[in-house]
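See structure below.
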Amino acid sequence: MSNNFLSSLNDSQKNAAQHIDGSLLILAGAGSGKTKTITTRLAYLISIGIDPASILTLTFTNKAATEMRDRAYSLIDPSMVNTPPLLCTFHKFGLLLLKFYMSELDRKNNFIIIDTDDKKRILKSIDKDLPLPLLTSEISKYKNSILSPTEAKAAAQLKLYQQIADVYEKYENYLQKNNLVDFDDLLLLPYKILCKNEKLANELSEKYKYIMVDEYQDTNELQYKLLRKLCSTHNNLCVVGDDDQSIYGWRGATIRNILNFTEHFENTKVVKLEENYRSTTTILNHANQLIEHNRDRLGKTLIGTRVDGNSVKVYESSDENEETRKIVEDVKKLLLSGEKASDIAILFRVNALSRSLEEGFNKAGLSYKLVGGMKFYERAEIKDLIAYFRILTNNNDNFSLKRIINKPKRGIGKTTIDKLDAKSIETKKPIFQLLEELEPDELSQVVGKKNSRTLKVFMASVMDLKETLEESKMRFLDSFEDTFDYRSSYDNAPDGFDRQANIDEFYGYIRDYFIQHPHLGLEDFLNEIALESENSEFSDDMVSMMSIHASKGLEYKHLFIIGLEEGFFPIIGDGSDIEEERRLGYVAITRAMDNLTMSFVHSRFYKGKRASLSKSRFLSESGLIKGSLTIEKNSTYKKGDLVKHKIFGMGRVQKAVKAGKDYKLTINFSGQRRDILSSFIEKM
DNA sequence: GAGTCAGCGGTTTTT
DNA sequence: CCGCTGACTC
């Protein structure tokens with residue numbers, strides 16, 4: 001094996017890559033060669049004789065896992081490696097553990113993974129009055145804080161939260177009964193198993209002696225605890241992340257994991273990767289200025305390695321049409337000058353802002369791709385097929401059965417389903433079993449004669465299909481269509497063409513899977529795709545449009561960020577976190593390599609109304625425009641407000657006394673107290 | 001049970 | 001403005 005893979009690293013990168021034992025925190029700024037560093041470390045560990053099977057690398061997305069695997073394998077001489085190191089997403093790792101050790105929780109390992117949509121449907125069926133977004137997020141929070149329904153109930157003070165805890169309990173029972181597992185369970189259940197069986201926990205910890213985690217700033221409480229268990233015998237945990245790029249707080253990630261890493265794990269070595277190889281120094285300069293306004297950070301400044309450029313522009317437009325016109329013009333010029341469309345991207349904080357852009361691009365005849373729309377597996381027709389396949393592998397899956405019991409339409413409506421549900425609860429048997437076991441006249445008593453006949457015919461087809469599946473999984477797909485005519489049910493639908501194309505693609509995909517994995521069955525396929533979001537191919541040469549969240553990890557030579565207006569970016573109001581908004585701004589700016597254009601408008605048409613807007617504070621904070629003019633001068637101040645002074649920098653208000661139009665403020669500037677009039681202060 | 005229409009609410013997204 | 005939900009009719 002060649003060891004010269006280290007030679008292309010800079011000193012800090014090398015320092016991190018050659019670290020062997022003990023905990024390591026790599027603070028990797030945007031564009032600082034993060035992936036290169038940890039893939040090199042992986043190769044390095046193997047090159048010095050550490051058993052690849054003892055190295056575990058965890059990522060968040062399949063995309064990151066694939067990219068890392070590719071890059072790591074290109075560094076390793078495959079002939080040296082017997083077992084490749086395990087490199088996968090957190091959830092995939094959880095799934096593997098559950099497949100092996102589910103019995104520790106007295107559950108069978110033929111469970112089915114449900115997605116967010118399934119979860120919502122189940123919750124809705126348990127309680128249709130409580131607001132669904134609250135329910136889903138609260139239950140997720142409970143699970144991520146390892147709170148059982150009983151504990152959640154005990155902790156609930158308000159009636160609302162008692163109700164939520166109640167639904168949580170029913171939801172958990174439902175999952176257990178149907179042997180379903182949600183995404184949170186893929187982390188929670190392994191954790192429970194490791195808590196329950198200490199011997200096993202130690203064995204696993206011994207097995208995975210070297211653990212690496214990517215994007216550590218996006219881990220949640222549960223992931224941290226799981227990691228703790230896994231490192232309990234060695235403390236060889238290497239995490240990579242950037243506290244300034246933590247943008248998933250709203251879905252449970254806790255930035256504290258990375259901020260407190262050195263306290264969580266003893267004798268941590270910290271390596272900062274601050275050299276940025278991506279952007280011009282001008283761009284970096286503005287990114288740095290912006291993020292400086294945050295308080296909760298470890299503190300790190302990106303150092304440019306590229307030349308300074310005249311590379312940042314601000315566009316001011318009266319409305320979104322003018323904004324679009326300017327961008328379309330710029331994009332046209334870039335393309336004419338020979339730039340590749342795939343080197344150009346437009347980012348926005350809110351997906352709704354893509355509309356006027358899309359119109360403008362269409363009018364101008366420019367092709368574009370909108371990243372992150374409806375996912376393949378979220379399409380109704382695909383979900384229907386998955387539901388069909390699920391009931392074939394898991395008879396307990398009432399939920400999937402109900403989804404397809406009337407698809408294609410066979411005259412079974414809500415009332416009938418309700419009756420079956422009631423009977424299912426009464427007899428404590430899954431609907432599938434009822435339909436199978438009850439004699440036709442018994443079933444008639446539940447749902448009526450006509451429905452009974454329909455359902456019996458339906459069941460006979462399902463059972464036939466099950467048999468075919470056992471005999472030959474390849475023949476099964478044809479039999480499926482022959483029996484249920486699912487594809488042809490879209491023959492005359494208005495959007496039938498697209499849907500049938502999706503169905504064909506899906507069938508093709510399954511066939512391919514069966515060919516690739518002759519020893520694996522339908523059940524394996526289902527669990528595989530549950531964790532998979534399609535990686536849209538980046539081969540098309542088109543201009544990309546996407547949310548800032550979707551842009552994470554990507555880079556573009558020419559970047560436009562639109563919608564820099566208060567309310568759109570940053571979003572303000574409850575549930576929004578200004579520091580996280582600012583990190584989003586930082587992520588957005590640091591996607592740009594050569595040219596960056598930031599755009600704001602005076603008014604925008606949104607939610608059916610035209611709203612007048614003021615420019616984003618981020619424009620002044622990043623030093624792109626002279627600020628203060630648009631900052632509200634007569635706003636009120638109170639204790640705890642974050643403020644900024646031209647000379648003294650950022651501080652927090654300790655006391656505010658009204659003095660005429662102004663306030664007299666006592667401000668704490670990093671330990672230094674000063675009294676300053678509010679007219680000299682910018683509110684953050 | 002299936003199709004139609006008013007009314008409501010509408011950050012960010014991966015697994 | 002646009003898409004989804006739920007009440008209402010055939």
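The figures that follow rest on heavy atoms only: side chains count, while hydrogens, waters and symmetry mates do not. Here is the naming used below: chain letters follow the sequence lines, and residue numbers restart at 1 for every chain.
- Between A:Met546 and A:Gly608, the residue whose closest nucleotide on DNA chain B is further toward the 5' end is A:Gly608.
- For the ring pair (Phe, Tyr, Trp, His ring centres under 6.0 Å) test, residues two or more places apart in sequence or in another chain that qualify with A:Tyr216 are A:Phe261.
- In this structure, CD1 of A:Ile112 is placed 19 Å from P of B:dT15, rounded to the nearest angstrom.
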Protein N or O to nucleotides 1-7 of chain B N or O, pairs below 3.5 Å:
residue: B:dG1; atom: OP1; partner: A:Gly413; partner atom: N; Å: 3.1
residue: B:dG1; atom: OP1; partner: A:Thr416; partner atom: OG1; Å: 2.7
residue: B:dG1; atom: OP2; partner: A:Thr415; partner atom: N; Å: 3.3
residue: B:dG1; atom: OP2; partner: A:Thr415; partner atom: OG1; Å: 2.6
residue: B:dA2; atom: OP2; partner: A:Asn406; partner atom: ND2; Å: 3.1

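- Residues A:Asn527 and A:Lys99 have side chains in contact (heavy-atom distance under 4.5 Å, counting atoms from C-beta outward).
- Separating the CG atom of A:Leu58 from the P atom of B:dT15 is a distance of 14 Å, rounded to the nearest angstrom.
- Looking at A:Ser603, its side chain never comes within 3.5 Å of a backbone N or O of A:Arg610 through a donor-acceptor pair.
- Applying the side-chain contact (heavy atoms from CB on, under 4.5 Å) test to A:Ala422 and every residue at least two apart in sequence or in another chain returns nothing.
- B:dT13 atom P lies 19 Å from atom CG of A:Asn220, rounded to whole Å.
- With B:dT13, B:dG10, B:dT12 as the choices, the nucleotide that has an atom nearest any side-chain atom of A:Lys607 turns out to be B:dG10.
- Two residues are said to be in side-chain contact when any heavy atoms from C-beta on lie closer than 4.5 Å; A:Leu455 and A:Val457 fail this criterion.
- Checked against side-chain contact (heavy atoms from CB on, under 4.5 Å), A:Thr597 has the following partners two or more places apart in sequence or in another chain: A:Lys313, A:Tyr315, A:Phe560.
- Annotated as anti: B:dT12, whose O4'-C1'-N torsion sits more than 90° from 0.
- Counting all heavy atoms, side chain and backbone alike, A:Ser444 lies closest to A:Lys449 at OG-CA, 3.8 Å.
- Residue-level contact check: A:Phe605 touches the backbone only, with heavy atoms under 4.0 Å from sugar-phosphate atoms and none from bases.
- If you check every strand for non-hydrogen atoms under 4.0 Å, A:Phe90 touches nothing.
- Atom pair A:Leu347:CG and B:dT13:P shows a separation of 12 Å (rounding to whole Å applied).
- Residue-level contact check: A:Asn351 touches the backbone only, with heavy atoms under 4.0 Å from sugar-phosphate atoms and none from bases.
- In terms of the side-chain contact (heavy atoms from CB on, under 4.5 Å) criterion, A:Phe497 has no residue partners (sequence neighbours excluded).
- Between A:Ile247 atom CD1 and B:dT11 atom P the separation is 17 Å, expressed in whole Å.
- Listed pair A:Tyr377 / B:dT14 fails the phosphate criterion, with no side-chain N or O lying under 4.0 Å from OP1 or OP2.
- Listed pair A:Thr89 / B:dT14 fails the phosphate criterion, with no side-chain N or O lying under 4.0 Å from OP1 or OP2.
- One atom, CD1 of A:Ile578, and another, P of B:dT12, lie 17 Å apart when rounded to the nearest Å.
- Looking at heavy-atom distances under 4.0 Å, A:Gln223 makes no contact with the nucleic acid at all.
- Of the possible donor and acceptor atoms, one in the side chain of A:Asn406 sits under 3.5 Å from a partner among the backbone N and O of A:Gly411.
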Taking protein heavy atoms under 4.0 Å as touching, what does nucleotides 2-10 of chain C look like 5' to 3' if B marks base contact, S marks sugar-phosphate-only contact and - marks none? S---S----

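- Here the P atom of nucleotide B:dT12 and the CZ atom of A:Phe60 are 21 Å apart, to the nearest Å.
- A donor-acceptor pair under 3.5 Å is absent between the side-chain atoms of A:Glu67 and the main chain of A:Ala64, judged by distance alone.
- When the nucleotides B:dT11, B:dT15, B:dT12 are ranked by their closest atom to the side chain of A:Thr116, B:dT15 comes out on top.
- Straight-line distance from the CG atom of A:Leu222 to the P atom of B:dT14: 20 Å, rounded to whole Å.
- By the 5.5 angstrom centroid cut-off and the 30-degree plane limit, A:Phe183 is classified as not stacked against the base of B:dT14.
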